[in-house]
Amino acid sequence: MDEVEWMPRQPKAKDLRVGLISWAGSYLTFETYKNTVTATAKGLGRRQTWEILVSSKHDTQAVVRLRSLQGFYLLCEADGSLCYGRPRTSHHGCFLIHFHRSGKWTLQCIISGRYLESDGEDVFCTSRTLSAYHMWTPRPALHVHVILYSPLNHCYARADPTMGRVWVDTPVPCLKECGFLLHFQDGCYHLETSAHTFLSHLDGLVSQPSTQTAFYMQVRPGGFVALSDGEGGMLYPQGARLLLSLGSDPHGGEEWLILQHCPTWVSLRSKTQKFLSVVYDVEVCAASEHITPMSLFQFECDNKSPTLQLRSANGCYLAQRRHRMVMADGHQLEAETFFRMHWNCGRIFLQSPSGCFLGIAANGLLVASATIPGPNEEFGIQLANRPFLALRGRYGYVGTSSQHNLLQCNMDQPDCIYLLPCRQGIYHFQAQGGSFWSITPFGSFRPWGKFALNFSIELQGSNLLTVLAPNGFYMRSDRSGTLLADSRDITKECVWEF
């Protein structure tokens, strides 16, 4: 088989959403019941999240529409007031975004020429004279666990804890070191590695965030970001080894990186405790007792469908072929690459398009032959590039608050949940201080338990999961802000982005 180059995925629509922060530090907000838009919210939630739909784009400006998650557009009326709804003409609801060197945006109504502004509460378009009140700071609304891709170098950023550096040298983002946590604080961003160190202005990795780890971000529609120190230095890959460091002379757009949600990579293990691996370029067998890069598969799944695609590090998908063989030579749109998944207490059955279940033949090869699944068709599945989880639900992230002694689900920033695998699909949840999650008789959680409890994780989408808690109920987010495990069925509030 000819070698297939790893093709990076285009950013998804959810990766291109932003929150817009006014000069007063409040967010542009969709007011559901008032048919209006305000700037009063202090945090980034669903009503503060906007999709940027681009009509045309140039270096320093773009013509866009802003659409809320509820599907309505931001509209400027003739009297300068703002509302939301459906555009009535081809230019209704169109804004010209000007990208300023400071990283801020101004939004100018195409029809009236007036700028979007806020007085700290209300939002309107009345002035054609630009001022500080018209400046909006874009904040990417994607999940904080991200990867950084350099389109110029065709590689992903990778933290190197041994050298204390970040290199842009990884063509396939299957390593946990390719994942970063993007923290937003006081208008700046801190880039945290999977080993919980922070990238500093001095090119190295340090143990604590500080002014030396704070970067300003420029954001462009399409998922492009550039990080700077605010004093003329830009972060971009440099030298023969492509060290990610500050410099003053990027060429050809070197400073622009594509920000994307960290993908999910998994390993699959047969009943004989052997890992599924790709061998001889395309064959898939259960032969390895240790995880290698060819034992890792990107888990791609639309949460609206129970079908799954598994993408190998060779760039191809697992696909059912002739004689019921399963090979790693499929392409994204082939029907033979879609497998139906069935969960069983943290373990998984995979059903091929022919209706047969995947299992291990006597020679160790992966085949689709069983019409009724048994132990030979059951696979243990484990997250391969996620030593921890950062969970986001309908109301925010899961984390601790100084005002509550129970775990909350409406936080602006997450607490990391460290995963201690105890058997396939079953994990212990450990808090940041080393203690374990405990559960109360009411189904709420505390982060300072002495004993490890069993949590079952089931993947529901490419970056979505459900958690079955030790009390036998699904963990869910509650409008009150308290994290609860009291749902017998999987509802929208039980599905977590990670």
Side-chain angles (χ1 to χ4, degrees), residues 14 19 42-49 140-146 179-185 190 192 194 196 261-262 264 303 346 383 385-421 425-440 442-449 452-487 490-498:
K14 66 179 182 179
K42 297 300 183 181
L44 178 58
R46 291 179 59 82
R47 291 189 297 114
Q48 293 77 39
T49 300
L142 81 171
H143 191 280
V144 298
H145 201 172
V146 300
F180 297 87
L181 291 173
L182 191 66
H183 297 283
F184 180 73
Q185 184 177 5
H190 302 263
E192 183 181 358
S194 61
H196 304 295
H261 194 166
C262 185
T264 302
N303 65 311
L383 296 170
N385 66 331
R386 302 297 182 98
F388 57 84
L389 294 178
L391 295 180
R392 181 165 70 172
R394 291 183 64 80
Y395 310 111
Y397 288 98
V398 172
T400 52
S401 167
S402 59
Q403 300 174 349
H404 302 87
N405 62 1
L406 298 173
L407 282 165
Q408 301 296 295
C409 59
N410 60 353
M411 307 299 292
D412 186 63
Q413 299 282 339
D415 285 0
C416 289
I417 306 164
Y418 297 95
L419 297 176
L420 304 181
I426 307 296
Y427 296 86
H428 301 319
F429 282 10
Q430 191 174 38
Q432 288 178 301
S435 56
F436 294 96
W437 276 31
S438 64
I439 188 168
T440 72
F442 305 102
S444 53
F445 295 92
R446 293 191 175 100
W448 54 71
L453 302 177
N454 292 342
F455 292 81
S456 176
I457 290 177
E458 295 182 358
L459 300 177
Q460 303 294 336
S462 294
N463 284 99
L464 301 172
L465 57 76
T466 52
V467 178
L468 191 62
N471 64 356
F473 292 95
Y474 284 99
M475 198 168 78
R476 70 173 180 90
S477 55
D478 188 75
R479 191 179 295 273
S480 69
T482 302
L483 181 66
L484 295 172
D486 61 0
S487 181
I490 297 176
T491 66
K492 288 183 179 180
E493 291 183 330
C494 297
V495 179
W496 299 91
E497 191 179 8
F498 71 100

Gly443 and Asn471 have their tightest heavy-atom pair at CA-ND2, 4.2 Å

Rounded to the nearest 0.5 Å, what's the gap from CG on Leu465 to SG on Cys494? Could you check?
11.5 Å

A side-chain contact here means heavy atoms from C-beta on lying under 4.5 Å apart; do Thr466 and Val495 qualify?
yes

Intermediate values then yes/no, side chain to side chain contact (heavy atoms under 4.5 Å, CB included), His183 and Val144:
CA-CA 7 Å; His183 297 283; Val144 298; over 6 Å; no

Drop me the distance from Ile426's CD1 to Leu453's CG, to the nearest 0.5 angstrom.
12.0 Å

Over all heavy atoms of both residues, which pair between Ala469 and Phe455 is shortest? Give the atoms and the distance, please.
CA-CD2, 4.0 Å

Modelled atom types, side-chain donor and acceptor of Glu493 and Tyr474, under 3.5 Å
no

Value rounded to 0.5 Å, distance of CZ in Arg394 from CZ in Arg479
8.0 Å

Considering all heavy atoms, the nearest Leu44-Pro140 contact:
CD2-O, 4.2 Å

Under 4.5 Å between any side-chain heavy atoms of His145 and Asn463, yes or no?
no

Distance from Asp412 atom CG to Lys42 atom NZ, nearest 0.5 Å?
13.0 Å

Partner of His143 by ring-ring contact (aromatic ring centres under 6.0 Å, His included), out of Phe180, Tyr397, Phe498
Tyr397

Residue pair Met475 / Leu391, side-chain heavy-atom distance below 4.5 Å:
yes

Can you find a heavy atom in the side chain of Ile457 that is under 4.5 Å from one in the side chain of Leu419?
yes

Derivation of the side chain to side chain contact (heavy atoms under 4.5 Å, CB included) call for Gln432 and Thr400:
CA-CA 10 Å; Gln432 288 178 301; Thr400 52; 5.7 Å; no

Distance, nearest 0.5 Å, that separates CD1 of Ile417 from CG of Leu407
7.5 Å

Give the C-alpha distance, both sets of side-chain angles, the deciding distance and a yes or no for side chain to side chain contact (heavy atoms under 4.5 Å, CB included) between Leu389 and Val467.
CA-CA 12 Å; Leu389 294 178; Val467 178; 5.6 Å; no

Any side-chain heavy-atom pair from Val398 and Gln408 closer than 4.5 angstrom?
no

Can you name the side-chain contact (heavy atoms from CB on, under 4.5 Å) partners of Asn405, sequence neighbours left out?
Arg446, Trp448

How are the rings of His196 and Tyr418 set relative to one another: parallel (under 30°), tilted (30 to 60°) or perpendicular (over 60°)?
perpendicular

Not counting sequence neighbours, which residues clear salt bridge (charged side-chain N to carboxylate O under 4.0 Å, His left out) with Glu192? List them please.
none

Minimal heavy-atom distance between Asp478 and Ser480, with the atoms involved, is OD2-OG, 2.6 Å

Is any side-chain heavy atom of Tyr427 less than 4.5 Å from a side-chain heavy atom of Pro421?
yes

Out of curiosity, His428 NE2 to Trp437 CH2, how far, rounded to the nearest 0.5 Å?
14.5 Å

Just jot down the salt bridge (charged side-chain N to carboxylate O under 4.0 Å, His left out) partners of Asp415, sequence neighbours excluded, or say none.
none

Side chain proximity check, Gln413 to Gln185, heavy atoms < 4.5 angstrom
no

Search all heavy atoms of Phe388 against all heavy atoms of Cys416 and return the closest pair with its distance.
CD1-SG, 3.8 Å

How far apart are the closest heavy atoms of Trp496 and Cys409, and which atoms are they?
CH2-CB, 4.1 Å

Any non-hydrogen side-chain atom of Phe445 less than 4.5 Å from a side-chain atom of Ser438?
no

